[in-house]
Each structure stands twice: as C-alpha cells, then as structure tokens.
Student: 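Next up is a structure, given as structure tokens.
The shown structure was predicted, so the numbers you read here are calculated from the model rather than taken from an experiment. No hydrogens, no waters, no symmetry mates; every other heavy atom, side chains included, goes into these values. Note on naming: letters A, B, ... go to the chains in the order of the sequence lines (proteins, then strands), and numbering restarts at 1 for each one.
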Protein chains: 2
Amino acid sequence: MNRTKTSPTTPTVKEQLLDHAQRFLMTRGYNGFSYRDLAEQVGVKTSSIHYYFPAKEDLVLEAIKAYDALIKEGLAGIDEALPAAQKLALYARGFGRIAADGHRICLCGMLAADIETLPETVRVAVQRFFAYHEGWLARVLVQGVTEGSLTVTSSPDATARALFAGFQGSVMASRLFQAPTRLEEVVASVCGVA
Amino acid sequence: MNRTKTSPTTPTVKEQLLDHAQRFLMTRGYNGFSYRDLAEQVGVKTSSIHYYFPAKEDLVLEAIKAYDALIKEGLAGIDEALPAAQKLALYARGFGRIAADGHRICLCGMLAADIETLPETVRVAVQRFFAYHEGWLARVLVQGVTEGSLTVTSSPDATARALFAGFQGSVMASRLFQAPTRLEEVVASVCGVA
DNA sequence: GTCTATAAGAGGATAGAC
DNA sequence: GTCTATCCTCTTATAGAC
C-alpha cells in the first residue's frame with residue numbers, strides 16, 4: 001500500500017496518522033497518548049507508525065507543521081481590505097473553530113503547557129507559532145488604531161501578546177467548563193469593541 | 001518515622017511528597033511525572049507514596065487543595081481597603097511569583113490543559129479554582145468601575161474571565177520564551193491601567 | 001509498506017515482611 | 001511507616017520476515 005500523495009482520493013496512512021496525532025495532541029497532550037492509541041485509530045501496528053515517524057519527536061514536529069499550515073490557510077482567508085475590528089472578529093471565530101468539538105484546545109497552546117517535557121526542537125517550533133500569531137495580531141491592532149476603529153491601552157505589541165494569551169487561556173477555560181467558547185469576550189475586553 | 005504535624009520542624013514525608021508533586025504538576029503536568037520521579041526526589045520507595053496517596057488521583061486532589069490554600073493565603077494578604085487598580089497589580093504580582101523560577105505555570109492552568117485525561121473529581125476541583133478567581137477578579141472590577149479607577153469595556157464577569165484567561169495564557173507564553181512574566185501587560189490591556 | 005516478534009524499561013498498584 | 005518483591009500492563013523503539 002504505497003501512495004505518495006494523490007489528491008482527492010482517500011487519505012494515505014501517513015495523512016491519517018497525522019490527523020489523529022493532531023487530534024490527540026489537542027485533546028490529551030504530548031504525554032497523554034501513545035503510538036498504540038494512534039495505531040488503533042488508523043488500524044495499523046505501532047511498528048508501521050515508526051516507519052513514517054521514527055521517533056515521537058518527528059511525529060509532533062510534523063503535526064505542528066500540518067497544524068500551522070491549516071491555521072495559516074484560515075488567516076489567508078481573511079480579506080486584507082477589511083477593517084481591523086472585523087479581522088479580529090474573524091480571527092476569534094477561526095480560533096474558536098479549533099475547539100468547536102468541545103474537547104480540543106490549540107495544538108500549540110497544549111504543547112506550550114507540555115513544553116518542559118519536550119525536546120528543544122519542539123520548543124522552537126511552538127515559539128515560532130506564538131510569535132507569528134502575536135505579530136499578525138499586532139499588525140491588525142496598528143491598523144485599527146490608525147483607522148480609529150479599535151481602542152488600545154498599551155503598545156500594539158504588548159496588546160497583541162495579551163490578546164493571544166487571552167485566546168489561549170479562554171479556550172482552555174471553555175473546555176474545562178464544557179461551555180461554548182467566548183473568544184469575543186476577549187476581543188471586547190482587550191480592544192473595546194463589540 | 002511517624003509524625004502527624006508538628007509545626008516549625010522539618011517537613012514530614014507527606015508534606016515533602018505534596019511539595020514535589022505540586023512542582024511536578026506545575027512544570028510537567030499530570031502525565032509528565034511518575035511515582036518513581038516523586039520517590040527519587042523525597043528518597044523513599046514508590047510503595048511508600050501509595051501509603052499516603054493510594055492512587056494518583058488522590059495525590060493530585062490533595063496537591064490542588066494545598067495549592068489552592070497557598071494561593072488563597074496570598075489573596076488574603078491583599079488589603080481590602082486598597083483601590084481596585086492596586087489590588088489588580090498585587091494580584092498580577094502574586095500570579096507571577098508562581099512562575100518565578102521560569103519553569104512553572106499555574107497548577108490549575110496546567111491541569112486545565114490535561115483535563116481530558118483526568119478523572120471527573122479533578123475537573124470539578126479545577127473548575128472551582130477557576131470560578132473562584134474569576135469571581136474575585138469580577139468583584140475587584142466592579143469596585144474599580146465604581147471608583148472610576150478602572151476602564152472596562154464589557155461586563156465585569158466577562159472582563160474577569162478575559163483577565164484570568166489572559167493571566168493563564170501569559171505565564172505559559174512567558175515560560176515558552178523563557179522570558180520574564182508580563183502580567184502587567186494583561187492588566188493594562190484589559191483594564192486600561194498603568 | 002506492513003507485519004510479527006521482541007527488547008528493555010517505565011507505569012500504577014498491591015501483598016506482606018519488618 | 002517503610003521496605004522488598006511482585007504483578008501486569010503500557011511504552012517507545014528495533015530487527016527482520018513477507
């Protein structure tokens with residue numbers, strides 16, 4: 001069963017593994033699932049997983065890459081011409097979709113919690129993810145201040161960090177209480193916007 | 001070696017176990033440490049740990065209780081007569097002390113990340129912790145609005161949730177980047193206060 | 001590519017001696 | 001209270017057959 005990457009056909013084993021790995025990472029964290037769990041989901045043996053991902057570190061690194069690509073796709077769908085407030089609303093909506101099933105949080109938020117048990121390569125990848133999103137949000141805040149559509153009480157960089165931290169903490173709390181996400185609250189509280 | 005609980009003497013084995021358990025939970029999470037790790041730290045065998053904490057669930061539950069008591073002690077040290085802005089500053093400072101060693105995050109924030117792998121009893125305990133702090137913050141926000149010392153753009157409850165989420169996310173990010181905590185940024189961004 | 005077999009150790013937990 | 005001994009399962013990982 002070899003197939004490098006045809007497109008609109010059934011997913012390859014590697015793709016399935018990566019999909020389930022992402023879900024496990026978002027729900028249970030790095031130390032909360034095993035190759036065995038993964039193997040059961042896909043219907044292969046654990047040794048087959050090692051064929052694609054020799055070590056768990058490789059698996060996580062590829063999972064981050066796939067997750068990052070998916071999220072960037074969402075960001076790319078936000079029209080550059082939109083007012084800043086609307087961009088933030090769409091960002092929050094997108095962030096909420098991650099946790100829509102009530103059991104997931106942001107993959108990189110979870111890895112940030114697990115970070116002390118993970119190899120340095122993972123730390124770097126997660127740092128990159130955080131920095132990218134904080135940068136994206138900071139640019140939107142600058143736009144909003146320029147437009148006069150957003151009210152910000154600190155520097156754009158500091159506010160962006162607070163905003164992203166608020167999003168991460170908020171999805172964790174929502175899942176903890178098994179309640180719908182309230183990302184709009186975060187936007188409203190940080191940027192003074194309905 | 002039996003000692004129920006004399007006061008200013010060396011800590012009992014149970015106290016040492018609880019101390020190290022708290023630290024492990026804050027750094028590595030529930031699935032990131034074992035009875036073996038704990039035993040090595042205290043210099044006992046794993047079977048001795050089971051004497052005090054029959055199952056890992058018991059250990060975590062008691063660790064939460066001890067942690068909660070410690071944090072409440074800190075809150076009690078905040079003078080009720082203070083202006084709201086100063087209370088928030090002190091709260092943020094206290095929250096930052098948790099992560100002062102650069103490797104810890106809030107014990108209950110960590111457990112919120114691990115929550116899908118934990119027994120229901122733990123979820124309830126962590127929910128209680130979150131709700132208590134959100135409530136405490138909401139009361140301070142109400143005070144601040146009444147005084148006119150704080151600027152809030154949503155309801156006190158919503159703002160308190162956003163604030164607490166921001167704190168949780170912020171300490172995670174600080175540790176991720178191995179940078180000093182920036183909890184004041186969160187306060188400033190959410191409450192428009194220096 | 002996927003499997004069987006296996007290693008070598010870590011995981012939580014218990015029984016019973018001291 | 002603490003230990004030794006033990007259980008049984010899970011964990012990551014490798015070697016080699018098909």
Side-chain angles (χ1 to χ4, degrees), chain A residues 1-6 9-25 27-64 111 114 116-122, chain B residues 1-6 9-22 24-25 27-64 110-111 114 116-122:
Chain A
M1 199 151 276
N2 178 352
R3 191 151 43 73
T4 315
K5 194 154 160 226
T6 342
T9 172
T10 40
T12 63
V13 168
K14 185 171 187 181
E15 284 165 353
Q16 290 181 66
L17 287 169
L18 231 27
D19 266 18
H20 286 285
Q22 284 180 70
R23 182 173 54 79
F24 275 132
L25 283 170
T27 51
R28 310 178 56 92
Y30 182 85
N31 300 301
F33 79 101
S34 67
Y35 271 44
R36 196 178 267 189
D37 297 321
L38 208 44
E40 279 170 16
Q41 293 294 315
V42 179
V44 296
K45 299 295 172 181
T46 61
S47 51
S48 298
I49 306 180
H50 284 284
Y51 171 77
Y52 295 106
F53 310 101
K56 210 177 176 184
E57 177 179 354
D58 304 305
L59 176 65
V60 189
L61 252 17
E62 287 216 46
I64 295 173
L111 292 178
D114 291 338
E116 296 282 318
T117 69
L118 299 173
E120 195 54 27
T121 51
V122 175
Chain B
M1 201 152 278
N2 179 352
R3 192 151 40 74
T4 316
K5 197 158 155 218
T6 343
T9 173
T10 40
T12 64
V13 168
K14 187 172 185 181
E15 285 164 352
Q16 290 182 65
L17 287 169
L18 231 25
D19 266 18
H20 286 285
Q22 285 180 69
F24 275 133
L25 284 169
T27 50
R28 311 179 54 91
Y30 182 85
N31 300 301
F33 79 102
S34 67
Y35 271 44
R36 207 169 273 186
D37 296 321
L38 208 43
E40 279 169 15
Q41 293 293 314
V42 179
V44 295
K45 299 294 172 181
T46 62
S47 51
S48 297
I49 306 181
H50 284 284
Y51 170 76
Y52 295 105
F53 311 101
K56 209 176 177 184
E57 177 179 355
D58 303 305
L59 176 64
V60 188
L61 252 18
E62 288 217 47
I64 296 173
M110 178 66 91
L111 292 177
D114 290 339
E116 297 283 318
T117 70
L118 299 172
E120 194 54 25
T121 50
V122 175

Student: If you look at every heavy atom in A/L25 and A/A63, which pair is closest and at what distance?
Tutor: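 Heavy atoms only, the tightest pair is CD1-CB, 3.7 Å.
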Student: Between B/Y51 and D/dT2, does any side-chain N or O lie under 4.0 Å from OP1 or OP2?
Tutor: no
Student: Provide, to the nearest angstrom, the distance between the CZ atom belonging to A/F53 and the C1' atom belonging to C/dG1.
Tutor: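 About 14 Å, once rounded to whole Å.
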Student: Quick check: closest heavy atoms across B/S48 and B/V44, and the distance to 0.1 Å?
Tutor: CB-CB, 4.1 Å
Student: With nearest nucleotide decided by heavy atoms, which residue, A/T46 or B/A55, maps closer to the 5′ end of DNA chain C?
Tutor: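 Going by which nucleotide is closer to the 5' end, it is A/T46.
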Student: Could you provide the dot-bracket string of DNA chain C, using ( ) for intrastrand pairs, [ ] for crossing pairs and | for bases paired to another strand, with Watson-Crick or G-U pairs below 3.5 Å?
Tutor: ||||||||||.|||||||
Student: Rounded to whole angstroms, how far apart are NZ on B/K45 and P on C/dG11?
Tutor: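 B/K45 atom NZ is separated from C/dG11 atom P by 15 Å.
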Student: Grab the NE2-C1' distance between B/H50 and D/dA5 for me, whole Å please.
Tutor: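 Rounding to the nearest Å, NE2 of B/H50 and C1' of D/dA5 are 14 Å apart.
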Student: Are side-chain heavy atoms of B/Y35 and B/L59 found at a separation under 4.5 Å?
Tutor: yes
Student: To the nearest Å, how far apart are A/L59 CG and D/dT11 C1'?
Tutor: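 Taking CG of A/L59 and C1' of D/dT11, I get 14 Å after rounding.
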Student: Rounded off to whole Å, could you give me the CD-to-P distance for the B/E40 and C/dG11 pair?
Tutor: 9 Å
Student: Distance check needed: C/dT14 P versus B/D58 CG, whole Å only.
Tutor: 10 Å
Student: Using the six-membered ring wherever Trp is involved, compare the ring planes of B/H20 and B/F24 and label them parallel, tilted or perpendicular (cut-offs 30° and 60°).
Tutor: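 Judged by the thresholds at 30° and 60°, the geometry between B/H20 and B/F24 is tilted.
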Student: Which atoms form the tightest heavy-atom contact between B/L38 and B/A21, and what is the distance?
Tutor: CD1-N, 3.6 Å
Student: Ignoring hydrogens and angles, does a donor from either the side chain of B/S47 or the base of D/dT4 sit under 3.5 Å from an acceptor on the other?
Tutor: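 Yes, a donor-acceptor pair under 3.5 Å.
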Student: Between atom CD1 in A/I49 and atom P in D/dT14, what is the gap in whole Å?
Tutor: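 Taking CD1 of A/I49 and P of D/dT14, I get 14 Å after rounding.
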Student: Taking the six-membered ring of A/Y30 (Phe, Tyr or Trp), confirm whether the NZ or CZ of A/K56 is under 6.0 Å from its centre and within 45° of its axis.
Tutor: yes
Student: I'd like to check A/Q16 versus A/D19 (side-chain heavy atoms, cut-off strictly below 4.5 Å). Are they in contact?
Tutor: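 Sidechains of A/D19 and A/Q16: no contact.
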Student: State, to 0.1 Å, how close B/D114 and A/D114 come at their nearest heavy-atom pair, and which atoms those are.
Tutor: OD1-OD1, 4.3 Å
Student: Between residues 27-36 of chain B and DNA chain C, which residues have a heavy-atom gap below 4.0 Å?
Tutor: B/F33, B/S34, B/Y35, B/R36
Student: Ignoring hydrogens and geometry beyond distance, is a side-chain donor-acceptor pair present between B/S34 and B/D37 at under 3.5 Å?
Tutor: yes
